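One structure below.
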Amino acid sequence: MSEVRKAAIPVAGMGTRFLPVTKAVPKELLPVGTKPTLQIVIEEAAASGIEEVVLITSPDKQEITNFFRTDTAYDQKLKAAGKEALLDGLSDLLKKVKITTAPQENPKGLGHAILCAKEAVCDEPFIVILPDVLIESRTPCCKQLIDAYKKTGCAVNATEHTPKSQIHLYGIYDIERSENKFHYASAVIEKPSAEEAPSDLSVVGRYLFPAETFKILEETPPGKNNEIQLADAMNTLAKMGKMVAYEYEGRQFDTGDPAGFLQANIFYGYKNHKKEIEQFMEEVINHSQSAV
Ligand code: G1P
């Protein structure tokens, strides 16, 4: 079984849920604390042993590639001032992981985005990270998927039980059989209503695909919205008995949603500045109670 060395991260989206800021700043560079969410997920990949990250980029979002450059005028000024340490782990991260790019000129769905990484990934199994999703866990989530892949030899996607009220936001699995935390899927249904959903196990934004997935994507006809849907390719893998939904250990923050983005900032803010946030939250709650 080949080692899993590469990860593909689609970053070409327009980020319309975060307008107006995304008119000037790509969504993936919006920070939790002072660190862009994209850096946080690449740190997860590096901590999982990933050596190369392929960013699937839009020509309109040069800021992302600039962020990972080490030779800008800004970098030179930082170096001259002896302040490189303020980059908060970015320089060390770039020593561990090679960042490459694959262009996605016209976004035609998540499946199409992943297909754009085909040449960069070559004939190897690979991780897909949806950078909206931050995962807090003891073992990095990508590493959990690599271990599950080594055990099963199948495509693996992180999954978790999802409250009824949120089912319509996610891909949902139909499960053929389960062995503890390994659920062999017979199908994936993209964003069903709570009534239609065959289970409450949702698609979480971390995947590991065998190299053959590129061929499957190439043969996947456009589906919903006339786009190449990753869920359709996952359905093909499921029909082949090769799609495992793995109940990962940890919790996710969906920073693609403005409320989830705030939650991530509060969670990590609290972790890093416990006393200040505790005091502040007390003030906020007292203030809002006295205001009603
Ligand atoms: C995408 C996928 C969906 C998955 C979700 C996870 O949806 O299409 O299957 O459950 O990510 O975050 P999006 O959030 O891009 O609408």
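Both counts, for ligands and for their atoms, begin at 1 and track the order of listing. Source: prediction; values computed, not measured. All residue numbers in this chain count up from 1 along the given sequence.
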Q) Which distance, rounded to the nearest 0.5 Å, do you find between the CD1 of Ile167 and the CD1 of Ile189? A) 10.5 Å
**Q.** For atom 4 (C) of ligand 1, closest protein heavy-atom neighbour
**A.** Val203 O, 3.4 Å
(Q) Show me which atoms of ligand 1 lie under 4.0 Å from any heavy atom of Lys191. (A) 7 (O), 13 (P), 16 (O)
Q. In terms of atom number and element, which parts of ligand 1 are under 4.0 angstrom from non-hydrogen atoms of Gly171?
A. 3 (C), 4 (C), 9 (O), 10 (O)
Do any side-chain atoms of residues 74-82 form donor-acceptor pairs under 3.5 angstrom with protein atoms, and if so which ones, sequence neighbours left out?
residue : atom : partner : partner atom : Å
Asp75   : OD2  : Thr72   : N            : 3.2
Asp75   : OD2  : Thr72   : OG1          : 2.5

Q: Would you indicate whether Lys164, at its atom NZ, is surrounded by more than 12 heavy atoms from other residues, nucleotides or ligands within a distance under 6.0 Å?
A: no
Q | Non-neighbouring partners of Lys143 that pass side chain to side chain contact (heavy atoms under 4.5 Å, CB included), sequence neighbours left out | A | Ser48, Thr139, Pro140, Asp147
Q | Proximity of Leu130 to ligand 1 by residue part, where a heavy atom lies under 4.0 Å | A | side chain
Q: Report yes if Leu110 has an N/O atom closer than 3.5 Å to an N/O atom of ligand 1; otherwise report no.
A: no
Q | Atoms of ligand 1 close to Tyr170 [distance to a heavy atom under 4.0 angstrom, numbered from 1] | A | 6 (C), 10 (O), 12 (O)
Q) Short check: is a protein heavy atom less than 4.0 Å from atom 15 (O) of ligand 1? A) no
Q. Should we say atom CG of Asn286 is surrounded by more than 12 heavy atoms from elsewhere, each under 6.0 Å from it?
A. yes
Q. To which of Gln252, Gln229, Glu190, Met234 does the heavy atom nearest atom 3 (C) of ligand 1 belong?
A. Glu190
Q.
side chain to side chain donor-acceptor pair (under 3.5 Å), that's the test. Do Ser178 and His183 meet it? Break it down for me.
A. CA-CA 4 Å; Ser178 298; His183 305 281; 2.6 Å; yes
Q.
So for ligand 1, is Val204 a polar contact partner (N or O within less than 3.5 Å, distance only)?
A. no
Q. Just heavy atoms, cut-off under 4.0 Å: does Val133 contact ligand 1 by side chain, backbone, both, or neither?
A. side chain
Q: Examine the side chains of Glu227 and His112 and answer whether a donor and an acceptor come within less than 3.5 Å of each other.
A: no
